[in-house]
2 protein chains.
Amino acid sequence: MIRLVVVDDHPIVRGGLRDTFADIEDIVVVGEAGDGAEGIERAKLLAADVVLMDLRMPGMDGVAATAALRKSAPSARVLILTTFDSESDVLPAIEAGAIGYLLKDALPDELMRAVRAAARGESVLAPSVTQHLMGQVRRPRAGTLTDREKEVLQLVANGSSNREAATALFIGEASIKTHLQHIYDKLGVRDRASAVAEGYRRRLLT
Amino acid sequence: MIRLVVVDDHPIVRGGLRDTFADIEDIVVVGEAGDGAEGIERAKLLAADVVLMDLRMPGMDGVAATAALRKSAPSARVLILTTFDSESDVLPAIEAGAIGYLLKDALPDELMRAVRAAARGESVLAPSVTQHLMGQVRRPRAGTLTDREKEVLQLVANGSSNREAATALFIGEASIKTHLQHIYDKLGVRDRASAVAEGYRRRLLT
DNA sequence: CTGCGGATCCACCGAACGGTGGAGGCGTAA
DNA sequence: TTACGCCTCCACCGTTCGGTGGATCCGCAG
């Protein structure tokens, strides 16, 4: 039996979901909430297996609630159910720890399969969401170069060879190479020249 | 007899120079000026052979005055005499058409030899200035990358290897390398990474 | 027509770089 | 304590790059 908590600021939506799961044998809606903070409370109190979470809500939004829930109740899987699939919605939600991301135009059947999958710890994503992820999820997020990495990139931009950068930072050449590899991974490039270009585009360099 | 005009905004300096040349047989200070515009006027009016020009002056500065003088009175040689030898001072002055560049810590003897050299159309540079020039004067000036060179640099910034850039532009890899060498020369760098950095700093790249 | 700048191409070479797959230390958050 | 992220370092290897010194062709301006 999967214990489900529904978090959405629209009563209509909550009601619709309650109905949808009403006569499903292995899923029971044990609680509801109208915003993120309340949702966290209910999920913990009621030992939810899966939390159906809307993103755009007054007060604490879905992303913040998801992140908080991942910390305070890791066993509760958060399944995003929302209207929007823009990059600016999807990425933060995934990063916050959502296990799945569905759109509200999903069929009831898809929704139930997704809930069961989430309960098992599997990910279900709406097709359009998958697109966004393919290219993006790999890069640990723009602008997340560490301070050290930024230093290295700046030196490279200023014309330092690996050896010179190593001398400047009082570390070994091998470390510079490692930092650069990480920089390449994070920026999605393959060489120092385009890393520098990306650095400027993302305003990491001066 | 070398007809000399002194352009400097400090009366003290002008006086010192007048004294310095007072009992020199082949040099006569025929006029003085306190800023660039006045200097141009005097130099033309008095048919100066050599103009001793300060760089930092109120009103029209030495660089602008030098450039203007080169056009309106090409026979007057402009010899820069200033306190500063930073790159940002030296290069514009040379490009503006100055025939020599001395620092104010020069000995009177050096100064006189420089004036005579200037009058003959020869260049005399302070040693530290020479350093700046060696590597820099060749570059025809920032932002003067040809269209082709900008294309190459943009490709490099976007992660292209030389081979890939060659394919993209339907030319040989050797040409890409040549273009890059020219780019390095013009931007004053030694590798593609810092060339890209300079490209962004000079707003040549997007 | 001659010079000059721009664009194209060539060969050769050593040095630097990028890719891979590690490993250990260290502080912090869980 | 256990993870995890970050920083540090290592070896090996093939590829690419940068440096040098040429060369030809074209168009434009003097």
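Below, read A as the first sequence line, B as the second, and so on, with proteins coming before strands; counting in each chain starts at 1.
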Rounded at 0.5 Å granularity, tell me how far [atom1] in [X] sits from [atom2] in [Y].
| X | Y | atom1 | atom2 | answer |
| --- | --- | --- | --- | --- |
| B/L204 | B/K186 | CG | NZ | 10.5 Å |
| A/Q181 | A/I176 | CD | CD1 | 12.5 Å |
| B/I2 | B/I24 | CD1 | CD1 | 10.5 Å |

Original post:
What nucleotide among D/dC7, C/dG19, D/dG18 has an atom nearest to a side-chain atom of A/T146?
Top reply: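 My answer, after comparing the listed nucleotides, is D/dC7.
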How long is the line joining [atom1] of [X] and [atom2] of [N], in whole Å?
| X | N | atom1 | atom2 | result |
| --- | --- | --- | --- | --- |
| B/K150 | C/dG6 | NZ | C1' | 14 Å |
| A/L180 | D/dC7 | CG | P | 13 Å |
| B/E151 | C/dT8 | CD | C1' | 14 Å |
| B/D185 | D/dG18 | CG | C1' | 11 Å |
| B/R190 | C/dC17 | CZ | C1' | 16 Å |

Subject >> Any side-chain heavy-atom pair of A/L169 and A/E151 under 4.5 Å >> reply: yes
Original post:
Are any of the side-chain heavy atoms of B/N162 and B/L180 separated by less than 4.5 Å?
Top reply: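 They are in side-chain contact.
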**OP:** Measure from the side-chain N and O atoms of A/R42 to the backbone N and O of A/E32, and report whether any donor-acceptor pair falls under 3.5 Å.
**Re:** yes
Subject >> N or O in side chain of A/Q181 less than 4.0 angstrom from C/dG18 OP1/OP2 >> reply: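 No, outside the criterion.
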**OP:** Sugar-phosphate means primed atoms, P, OP1 and OP2; the rest is base. With that split, encode nucleotides 8-17 of chain D 5' to 3' as B, S or - using protein heavy atoms under 4.0 Å.
**Re:** BBB-----SS
